Number of protein chains: 2
Amino acid sequence: MSRPQLQLDAVRIVLVETSHPGNIGGVARAMKNMGLKHLTLVNPKRFPDIEATQRASGADDILQNALHAPDLKTALADTHFVLGTSARSRHLPWPLINPRQMAQAVRDTLQQQETSQVALVFGREDRGLTNEELSCCHAHVHIPTQADFSSLNLAAAVQVLAYELRMACIEKTNQDNLAHPWGTSWDAPLASGEALEGFFAHLEQTLIDIEFHDPQMPRQLMTRLRRLYLRARPDCTEVNILRGIQTATQKCARLRTEKAK
Amino acid sequence: MSRPQLQLDAVRIVLVETSHPGNIGGVARAMKNMGLKHLTLVNPKRFPDIEATQRASGADDILQNALHAPDLKTALADTHFVLGTSARSRHLPWPLINPRQMAQAVRDTLQQQETSQVALVFGREDRGLTNEELSCCHAHVHIPTQADFSSLNLAAAVQVLAYELRMACIEKTNQDNLAHPWGTSWDAPLASGEALEGFFAHLEQTLIDIEFHDPQMPRQLMTRLRRLYLRARPDCTEVNILRGIQTATQKCARLRTEKAK
């Protein structure tokens with residue numbers, strides 16, 4: 001039974017701007033019950049706090065070892081597969097899975113590449129994740145709820161996803177299933193969150209340089225491009241190719257500008 | 001979507017001698033989120049209580065309609081299938097299932113006889129159910145937990161079981177959703193093979209124009225780009241955006257070439 005733990009160790013829970021410290025404690029307890037260890041707090045309103053410690057009921061180690069990040073992108077810099085919880089359907093549809101499919105996808109990701117880091121991201125108690133934060137995710141997870149009473153307590157939402165991860169880990173010990181996300185072993189490691197954000201920043205600048213994109217009139221351009229590339233889950237080689245293309249494109253744009261002078 | 005509600009209506013949650021009213025409220029919220037309505041309280045320590053109402057976060061109807069029973073046998077008098085939650089293995093082995101098997105068993109029971117009444121029984125926060133209470137149950141449900149930190153919060157335990165019931169009810173709907181490649185309805189139709197080939201031809205020409213790609217020395221460039229974009233399964237809007245970027249890029253390349261002349 002050592003292998004399941006190894007896998008769960010690759011998963012971190014990321015809480016974005018949590019208001020109530022009691023919820024952070026409840027999350028820590030749910031995590032420890034299910035065998036998760038790594039908690040990242042993005043800009044919590046009150047932490048550390050006695051209420052967090054009380055609700056943690058002994059999961060103090062998780063609270064003490066929690067990492068702190070000033071924003072979501074920093075929290076995700078070294079991750080390879082990011083799933084954001086979303087209660088509502090958004091303006092722009094994004095790949096949407098339920099908690100069971102989430103656990104399957106995480107398991108497949110870790111089978112493909114053992115060193116992958118996975119993040120499950122949970123938003124604010126009252127407003128969830130912003131559209132910008134949701135656009136940092138490869139896919140969105142929706143916990144099926146009653147339509148007219150759909151807002152889960154934060155710790156309850158973490159409990160459900162952590163439970164599904166644990167069930168998937170136990171299942172794996174029973175049936176050694178060689179499923180890869182793409183049905184085969186891959187030739188290059190998945191790109192990290194930092195590598196992807198570097199790519200997106202470079203892409204946006206290139207689109208400005210060639211006068212395709214006006215940041216004053218963004219429409220949904222960058223969001224749509226993020227969704228497209230994240231869906232494909234690019235590997236490192238692919239990100240290098242795309243950045244090479246951007247550099248060559250920028251060179252063209254510079255020469256054109258110089259000509260215009 | 002009316003049938004899942006009908007089935008869940010046959011299930012009641014029974015809490016035995018709960019100490020903390022906040023937990024009763026948390027249970028009510030978890031139940032309402034998952035579509036369960038019927039709560040029975042066996043000899044609660046403090047109820048009604050402001051803490052219960054606060055943690056219920058709007059599931060007041062479940063608290064108000066809760067039935068009260070002096071002991072477990074009274075609470076179970078009109079039930080047909082009783083499942084008790086148990087963290088520990090007991091002196092006398094009893095049929096033991098996990099939450100997923102519990103949901104399957106409840107569904108089978110209700111399919112066999114629609115009028116059956118089902119009870120899920122949860123014990124005290126500190127000591128669970130007594131052996132006598134566990135002997136009132138047809139089977140015991142164990143939520144898989146970390147061995148050295150196995151005590152779930154009461155509302156979290158109810159959340160996990162209620163979630164599994166809901167998943168079992170909507171399984172058919174989930175399968176229907178899998179008909180959508182991304183688990184949700186999309187805002188634009190998938191691009192056709194013809195549209196994709198038009199895009200790839202345009203992409204290759206653009207990469208030649210910006211002197212990134214040499215068809216005499218193709219390496220695996222176009223193959224890798226095809227693999228990347230095809231994996232994402234682009235929709236029509238996305239293909240239009242990508243072709244727009246290529247057209248803008250080619251314009252830059254042309255202006256540069258003209259300058260060089």
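Keep in mind it's a predicted model, so treat the numbers as computed, not measured. Order of the sequence lines fixes the chain letters, A, B, ..., with proteins taken first and strands second; residue numbering starts at 1 for each chain.
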Asker: Using heavy-atom distances under 4.5 Å, tell me whether Ala155(A) contacts chain B through its side chain, its backbone, both, or neither.
Answerer: neither
Asker: Find the one option among Val158(B), Ile210(B), Asp209(B), Leu225(B) whose heavy-atom pairs under 4.5 Å with chain A are most numerous.
Answerer: Ile210(B)
Asker: Strictly below 4.0 Å, N to O, side chains only: are Asp148(B) and Lys32(A) in salt-bridge contact?
Answerer: no
Asker: What pairs meet the salt bridge (charged side-chain N to carboxylate O under 4.0 Å, His left out) rule with one or both residues in residues 215-224 of chain B, with sequence neighbours excluded?
Answerer: Asp187(A)-Arg224(B)
Asker: Going by atom types only, do Glu164(B) and Tyr163(A) share a side-chain donor-acceptor pair under 3.5 Å?
Answerer: yes
Asker: How many angstroms lie between atom CZ of Phe149(A) and atom CE of Met31(B), to the nearest 0.5 angstrom?
Answerer: 11.0 Å
Asker: Heavy-atom distances under 4.5 Å only: say whether Ala30(B) touches chain A with side chain, backbone, both or neither.
Answerer: neither
Asker: List the atom pairs, donor and acceptor, that lie under 3.5 Å between side-chain atoms in residues 21-28 of chain A and the rest of the protein, sequence neighbours left out.
Answerer:
residue, atom, partner, partner atom, Å
Asn23(A), OD1, Asn153(A), ND2, 3.1
Asn23(A), ND2, Glu125(A), OE2, 3.0

Asker: Could you tell me whether Glu238(A) and Arg227(B) make a salt bridge, using a distance below 4.0 angstrom between a side-chain N and a carboxylate O?
Answerer: yes
Asker: With a 3.5 Å distance limit and no angle check, can you tell me whether Asn33(B) reaches the backbone of Gln146(A) through a side-chain donor-acceptor pair?
Answerer: no
Asker: Quick check: do Met167(A) and Val160(B) have side-chain heavy atoms less than 4.5 Å from each other?
Answerer: no
Asker: Considering only heavy atoms from C-beta outward, does the side chain of Glu211(B) approach that of Cys252(A) to under 4.5 Å?
Answerer: no
Asker: Heavy-atom distance under 4.5 Å between the side chains of Glu258(B) and Arg256(A), does that happen here?
Answerer: no
Asker: Top residue by heavy-atom pair count (under 4.5 Å) with chain A, among Ser150(B), Ala162(B), Pro99(B), Ala147(B)?
Answerer: Pro99(B)
Asker: Quick one: does Arg29(A)'s side chain get under 4.5 Å of Ser151(B)'s, heavy atoms only?
Answerer: yes
Asker: Where does Ala156(A) contact chain B at under 4.5 Å (heavy atoms): side chain, backbone, both or neither?
Answerer: both
Asker: Which atoms of Ala59(A) are under 4.5 Å from chain B, going by heavy atoms: the side chain, the backbone, both sets, or neither?
Answerer: both
Asker: Are there residues of residues 240-250 of chain B whose heavy atoms fall under 4.5 Å of chain A's heavy atoms? If so, which?
Answerer: Ile241(B), Leu242(B), Gly244(B), Ile245(B), Ala248(B), Thr249(B)
Asker: Arg231(B) and Asp235(A): which non-hydrogen atoms are nearest, and at how many Å?
Answerer: NH2-N, 4.3 Å
Asker: Kindly state each residue pair satisfying ring pair (Phe, Tyr, Trp, His ring centres under 6.0 Å) with at least one member in residues 204-254 of chain B, sequence neighbours excluded.
Answerer: Tyr229(A)-Tyr229(B), Phe199(B)-Tyr229(B)
Asker: Chain B heavy atoms under 4.5 Å from Leu228(A): which part of the residue, side chain, backbone, both or neither?
Answerer: both
Asker: Can a donor-acceptor pair be found, under 3.5 Å and without considering hydrogens, that links the side chain of Arg166(A) to the backbone of Ile143(B)?
Answerer: no
